[in-house]
**Q** 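Shown below is the structure under consideration.
This is a predicted model, so every value here is computed, not measured.
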Amino acid sequence: MTGDIAVSVVVPTRDRTTRLLLTLTALGRQTLDRERFEVVLVDDAPHPGAVAQVLSALPPGLPIRAAATGGRGAAHARNTGARSARGELLLFLDDDTVAGPGLLEAHLAAHAHAEAAVLHSRVTDLSAFALTPDPHPLRPALVGARGRRIEPATLADLDTAVPLLGPRRSFIERTARKVIRSPRHTALRWLTCIGTGTSVRRTLFARVGGFDEHYGDLWGGEDLELGLRLAASGAGFDLLDTVSYHLPTARRDTGDLLPRFWRRVADRHGDPRLADVGAYLTGRLSLDELAERLGPSEDVLTARTAAS
């Protein structure tokens, strides 16, 4: 750890404007002393421009460092941020996630006492904005269904605003609760390694090779695949009650991309059963069926512990 920095928040971004502004503004409102954390913002846009707009609109004072990766995918962007991080604790946060004010303090405190090495905090979708594209150029507010809006000023009283913004727990967040609570699903606890709101110590992250960049910018679960390798290394997983809010963007290609990604994972790990994760994520298998197909924990955790 360098100096007093305890937490490095790694935020990969690509062509986000208002969502990124809200993400960074919320980090500026954290209860953790600013001297104890930094934000590593990694711009993965092939043609930069959006990040500059956001940084020019951001209030001063947020401890932020920026890097650029030129469009090589989220895994590469996150790894780039992790390599330059100065804190021992890495917290990965997407560029469309508004952190609650106590997020960093909660993760830091939990790692000081919890046995689990990978911690994920609750993320609630604000579904009112699912069909709202990020405005270009930057606008100060995101306007969603029925004129509902969120802007930097909203963050001062977010708890009051949230009930009007379509709060909803996503499929993967519901999965995270199930696998932690159910003894039948112990072997699937790596499904809590969700790409936003998840923290891990930098030394452990480096030991398993970080995110696997083999998949390029193919979307579909590079975060969960990291969780698979962390589990194989013996890492434990747990959940925090601290909440953040996700400003989702609806995708029409999910049903195609998720199976494709997990077929690639199955090939890369040499385990055909892992293709069933894609079937589960697209609703074609139940969690019980996935657990049965993948087998007991000693079978699931035969995946290799580092990407080649």
Side-chain angles (χ1 to χ4, degrees), residues 7-32 34 37-43 50-51 53-55 57-64 74 78 81 90-108 119-135 138-145 147-170 172-173 176 194-199 223 239-250:
V7 185
S8 293
V9 187
V10 178
V11 181
T13 187
R14 181 167 177 155
D15 297 323
R16 295 290 197 196
T17 55
T18 303
R19 282 177 170 82
L20 178 60
L21 176 63
L22 292 165
T23 296
L24 296 178
T25 301
L27 289 172
R29 301 181 61 85
Q30 291 297 296
T31 56
L32 186 66
R34 291 190 178 187
F37 76 93
E38 64 175 355
V39 178
V40 185
L41 180 65
V42 185
D43 184 5
V51 165
Q53 294 179 48
V54 172
L55 292 180
L58 191 68
L62 182 66
I64 187 168
R78 289 187 180 116
L90 301 176
L91 174 65
F92 294 97
L93 197 71
D94 283 348
D95 60 357
D96 55 3
T97 303
V98 176
L103 182 72
L104 303 190
E105 199 164 16
H107 275 268
L108 187 60
L119 296 174
H120 176 70
S121 49
R122 186 158 45 106
V123 178
T124 298
D125 282 356
L126 299 182
S127 61
F129 306 102
L131 300 179
T132 303
D134 252 35
L138 169 71
R139 293 179 187 171
L142 203 64
V143 181
R148 288 174 286 186
R149 60 191 287 132
I150 184 170
E151 56 192 321
T154 311
L155 305 184
D157 193 11
L158 196 55
D159 289 342
T160 299
V162 161
L164 305 176
L165 301 178
R168 185 175 301 166
R169 186 170 290 177
S170 69
I172 193 61
E173 288 287 331
I194 298 167
T196 190
T198 297
S199 61
D223 48 357
L239 301 177
L240 303 179
D241 287 333
T242 308
V243 66
S244 298
Y245 299 98
H246 178 223
L247 302 169
T249 305

**Q** Is any side-chain heavy atom of V42 less than 4.5 Å from a side-chain heavy atom of R78?
**A** no

**Q** Could you list the residues that satisfy salt bridge (Lys or Arg N to Asp or Glu O under 4.0 Å) with R19, not counting sequence neighbours?
**A** D134

**Q** Checking T196 now: which residues fulfil side-chain hydrogen bond (donor to acceptor under 3.5 Å, both in side chains) with it, not counting sequence neighbours?
**A** T97

**Q** Considering non-hydrogen atoms only, spot the tightest contact between L22 and P152 and give its length.
**A** CD2-N, 3.5 Å

**Q** Carefully, step by step, assess L93 and T198 under the rule side-chain contact (heavy atoms from CB on, under 4.5 Å).
**A** CA-CA 7 Å; L93 197 71; T198 297; over 6 Å; no

**Q** Counting distance only, does the side-chain N/O of H120 pair as donor-acceptor with the main-chain N or O of G197 below 3.5 Å?
**A** yes

**Q** Go through it in stages, so that I can follow the logic: the residues are L41 and L55, the test is side-chain contact (heavy atoms from CB on, under 4.5 Å), and I'd like the CA-CA distance, side-chain angles, deciding distance and then a yes or no.
**A** CA-CA 10 Å; L41 180 65; L55 292 180; 4.2 Å; yes

**Q** What pairs with P133 under side-chain contact (heavy atoms from CB on, under 4.5 Å), at least two apart in sequence or on another chain?
**A** none

**Q** Quick one: closest heavy-atom pair of P63 and F37, and the distance?
**A** CG-O, 3.2 Å

**Q** At their closest point, which heavy atom of P248 faces which heavy atom of S127, and how far apart are they?
**A** CG-CA, 4.5 Å

**Q** Do V39 and V11 have side chains that approach each other closer than 4.5 Å (heavy atoms only, starting at C-beta)?
**A** yes

**Q** Just by modelled atom types, is the R139 backbone N or O under 3.5 Å from a matching donor or acceptor in the T18 side chain?
**A** yes

**Q** Does any N or O in the side chain of E151 come within less than 3.5 Å of the main-chain N or O of L142, such that one atom is a donor and the other an acceptor?
**A** no

**Q** Could you check whether any side-chain heavy atom of V143 comes within less than 4.5 Å of a side-chain heavy atom of I150, counting everything from C-beta outward?
**A** no

**Q** Is atom CG of L131 surrounded by more than 12 heavy atoms (other residues, nucleotides or ligands) closer than 6.0 Å?
**A** no

**Q** How many angstroms lie between NE2 in H107 and CG in L90, if you round to the nearest 0.5 Å?
**A** 12.0 Å

**Q** Could you check whether any side-chain heavy atom of L62 comes within less than 4.5 Å of a side-chain heavy atom of Q30, counting everything from C-beta outward?
**A** no

**Q** Test L108 against L32 for side-chain contact (heavy atoms from CB on, under 4.5 Å), laying out the working first.
**A** CA-CA 9 Å; L108 187 60; L32 186 66; 4.1 Å; yes

**Q** Is any side-chain heavy atom of L104 closer than 4.5 Å to a side-chain heavy atom of V9?
**A** yes

**Q** Does V162 have any side-chain contact (heavy atoms from CB on, under 4.5 Å) partners at least two apart in sequence or in another chain, and if so, which?
**A** L126, L158, P167, Y245

**Q** So do F92 and S199 actually touch side chain to side chain, heavy atoms under 4.5 Å?
**A** no

**Q** Got a second to check how far L239's CG is from R122's CZ, nearest 0.5 Å?
**A** 10.5 Å

**Q** Do other residues, nucleotides or ligands put more than 12 heavy atoms under 6.0 Å from R148 CZ?
**A** yes

**Q** Decide yes or no for L91 and V10: does some side-chain heavy atom of the first lie under 4.5 Å from some side-chain heavy atom of the second?
**A** no

**Q** Does some side-chain heavy atom of V98 sit less than 4.5 Å from a side-chain heavy atom of S244?
**A** no

**Q** Who passes side-chain hydrogen bond (donor to acceptor under 3.5 Å, both in side chains) against D125, sequence neighbours left out?
**A** H246

**Q** Strictly distance-based, threshold 3.5 Å: is any side-chain N or O of R16 a donor or acceptor partner for the main-chain N or O of L21?
**A** no

**Q** Quick one: closest heavy-atom pair of A99 and L27, and the distance?
**A** CB-CD2, 4.2 Å

**Q** Rounded to the nearest 0.5 Å, what's the gap from OG1 on T31 to CG on L103? Could you check?
**A** 9.0 Å

**Q** Before giving the answer on salt bridge (charged side-chain N to carboxylate O under 4.0 Å, His left out), spell out for R14 and D94 the whole-Å C-alpha distance, their side-chain angles and the decisive distance to 0.1 Å.
**A** CA-CA 10 Å; R14 181 167 177 155; D94 283 348; over 6 Å; no

**Q** Calculate, to the nearest 0.5 Å, the distance between atoms CG and OG1 belonging to D15 and T13 respectively.
**A** 7.5 Å

**Q** Who passes side-chain contact (heavy atoms from CB on, under 4.5 Å) against I172, sequence neighbours left out?
**A** S170, T175, I194, L224, L281

